[in-house]
Student: 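Dropping a structure here in structure tokens format, bear with me for questions.
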Amino acid sequence: MTTTPRGLGVLQIEPTDQCNLRCRMCAPHAEAWPTVHGIPKGRMPWAVFERVIDGLVADDCTFDHVILQWLGDPSLHPDLERMVGVAGEKLAGRAGHLRVDTNGLTLTEPRLDRLLAWKAPKMPLLVVFTLDAATVATYRRVKGVDGLERVRRHVRYLLTRRAEVGGVDVQLQFVVQPGNAHEAADFLRYWEALARCHEPKGGHVEVMFKRLSVGGGAQGQAAADHLYERTLREAGIVARTEAGFSVSVWTERPWQADDAHAARGPCPGAWYTPVVRHDGHLMMCCADLSGELDLGSLTTHRFLELWEGKRATRLRMAHLEGRFEGACARCGGVNWYALAPEAAALTRARALALAG
């Protein structure tokens, strides 16, 4: 599953860190943390969003894809649909696709109509629904609220409407965890049957099974991995791709605390997972919930000025030298990219240039 990324990997832009669920797997919202990043919760002002997007264009940045989401649900931002349109228009050709990750509770039919109306014709759009359940009772147990039938209705509507605009794909996610593992097979059966009904409508539907992340690879990750692997094996779930439909599974994982005996290499996240927090600050990694790896504000600095600056380069050099401190010491890292040798070489050259 690991690949060499295009450009700077995947960029996440956080419309908001607020959420309307209390998922058991998400400590900040399940435990009702007053703050998520160590700053007040909030929503990205429109002027900040525009400045971020324009700055990426000015710096000629390219990415595998751009995600409108980090530690909240983007549908709670009143300008989400407009964000999709502006990002899709201005970043077309600079990213493979634009992605929105949401629980879908507030993406009502009128809002989905607006989303499709804003969708930029030159930028493919992927809408990811995080569901994690096949029954109402299990949804309530793992997500903390009622809402499965509402989300299903919204997904069905999107599957029906998307053919009118083209270039809209849908992913349904199931994070295997205690409390829902027994429903993995039923989840796949339900959504595959629905996807087959909408095959003539165009676009792709993917069902994604993910392993639970325990504190970014902290103690207990091995048990979560075992549950994931056993669940997929017993349910007979394997990756496959067919016309208009696919099943994806996570087969690899990063280094984790349970692997303390094994050598730990540099984390690709330090190179390939920039995040823009809702206040416009550029964060160095999507796994840094506490906000330790804050590189500075994109309202006063250019993206590459920060991303290739002294602090970011020092952290990358520490990884290359086998030193993991602060947030990185407590994290297992990311596993959807492999660090390219040329990226490490560029970091070493950058460190020498900054030292000179």
Side-chain angles (χ1 to χ4, degrees), residues 16 18-32 67-69 71-77 80 99-116 126-162 168-199 201 203-213 224 227-228 231-232 234-235 237 245-250:
T16 180
Q18 299 164 331
C19 189
N20 50 352
L21 288 181
R22 299 189 300 276
C23 300
R24 292 171 58 179
M25 66 180 179
C26 180
H29 299 300
E31 299 170 8
I67 303 175
L68 295 181
Q69 189 265 341
L71 293 177
D73 196 283
S75 66
L76 298 182
H77 197 294
L80 173 63
R99 170 174 155 180
V100 176
D101 287 31
T102 176
N103 57 49
L105 288 174
T106 66
L107 275 186
T108 59
E109 287 86 345
R111 291 198 69 190
L112 288 169
D113 287 339
R114 292 197 297 273
L115 183 72
L116 295 177
L126 171 63
V127 183
V128 177
F129 292 91
T130 56
L131 296 167
D132 307 329
T135 64
V136 170
T138 295
Y139 187 93
R140 185 188 307 114
R141 180 164 58 248
V142 301
K143 311 298 272 186
V145 302
D146 288 316
L148 180 60
E149 290 305 320
R150 193 187 335 164
V151 178
R152 282 177 169 176
R153 182 172 68 251
H154 297 165
V155 175
R156 288 195 296 267
Y157 185 78
L158 179 58
L159 292 177
T160 301
R161 282 283 335 274
R162 63 187 179 148
V168 180
D169 297 321
V170 174
Q171 182 185 98
L172 298 316
Q173 284 192 0
F174 187 100
V175 178
V176 178
Q177 56 196 284
N180 76 352
H182 62 288
E183 291 191 353
D186 289 338
F187 183 87
L188 176 55
R189 277 192 291 269
Y190 177 89
W191 289 110
E192 181 169 7
L194 191 63
R196 299 298 186 197
C197 292
H198 292 278
E199 278 182 332
K201 302 296 183 182
H204 192 84
V205 176
E206 178 181 63
V207 176
M208 165 72 80
F209 290 92
K210 298 173 65 174
R211 66 181 73 233
L212 178 67
S213 174
L227 175 64
Y228 175 79
T231 297
L232 266 58
E234 293 178 352
I237 296 172
F245 179 79
S246 64
V247 179
S248 295
V249 300
W250 280 16

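Numbers here simply count residues along the sequence, with the first being 1. The figures that follow rest on heavy atoms only: side chains count, while hydrogens, waters and symmetry mates do not.
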Student: One thing to verify: whether Glu149 and Arg153 come together as a salt bridge, which I'm taking to mean a side-chain N less than 4.0 angstrom from a carboxylate O.
Tutor: no
Student: Among Thr16, Asp73, Leu68, which one satisfies side-chain contact (heavy atoms from CB on, under 4.5 Å) with Leu80?
Tutor: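 Output: one option passes, namely Leu68.
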Student: Rounded to the nearest 0.5 Å, how far apart are OH of Tyr157 and CG of Leu112?
Tutor: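 Spacing of OH (Tyr157) from CG (Leu112) equals 7.5 Å.
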Student: Would you give the length of the straight line joining atom OG of Ser248 to atom NZ of Lys210, rounded to the nearest 0.5 angstrom?
Tutor: 11.5 Å
Student: Drop me the distance from Phe245's CZ to Arg196's CZ, to the nearest 0.5 angstrom.
Tutor: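 Output value for this atom pair is 6.0 Å.
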Student: Could you walk me through whether Asn180 and Asp132 satisfy the side chain to side chain donor-acceptor pair (under 3.5 Å) test, starting with their C-alpha distance in whole Å, then the side-chain angles of each, then the deciding distance to 0.1 Å, before giving a yes or no?
Tutor: CA-CA 7 Å; Asn180 76 352; Asp132 307 329; 5.0 Å; no
Student: Scan side-chain atoms only and decide if Asn103 and Thr130 contain a donor-acceptor pair under the 3.5 Å cut-off.
Tutor: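 Distance-only check fails for Asn103 and Thr130.
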Student: Quick one: closest heavy-atom pair of Ser75 and Thr102, and the distance?
Tutor: OG-OG1, 3.7 Å
Student: Nearest 0.5 angstrom please: Leu172 CG to Phe209 CZ, how far?
Tutor: 9.5 Å
Student: Which heavy-atom pair separates Ala134 from Phe187 by the least distance, and what is that distance?
Tutor: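 That closest heavy-atom pairing would be CB-N, 3.8 Å.
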Student: Please check if any side-chain donor atom of Arg111 sits under 3.5 Å from a side-chain acceptor atom of Thr108, or the reverse.
Tutor: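 Side chains of Arg111 and Thr108: no pair found under 3.5 Å.
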Student: Looking at every heavy atom in both Arg162 and Val168, which two are closest together, and how far apart are they?
Tutor: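 Nearest pair, atom of Arg162 first, then Val168: NH1-O, 3.2 Å.
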Student: What's the shortest heavy-atom distance between Lys143 and Leu21, and which atoms?
Tutor: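 Smallest heavy-atom distance, with atoms named: CE-CD1, 3.6 Å.
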Student: So, Asp169 side chain and His204 main chain: donor-acceptor pair closer than 3.5 Å or not?
Tutor: yes
Student: On a heavy-atom basis, which atom in Ile237 and which in Leu188 lie closest, and how many Å separate them?
Tutor: CG1-CD2, 4.1 Å
Student: Working to the nearest 0.5 angstrom, can you tell me the gap between Leu131 CG and Gln173 CD?
Tutor: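 Spacing of CG (Leu131) from CD (Gln173) equals 8.5 Å.
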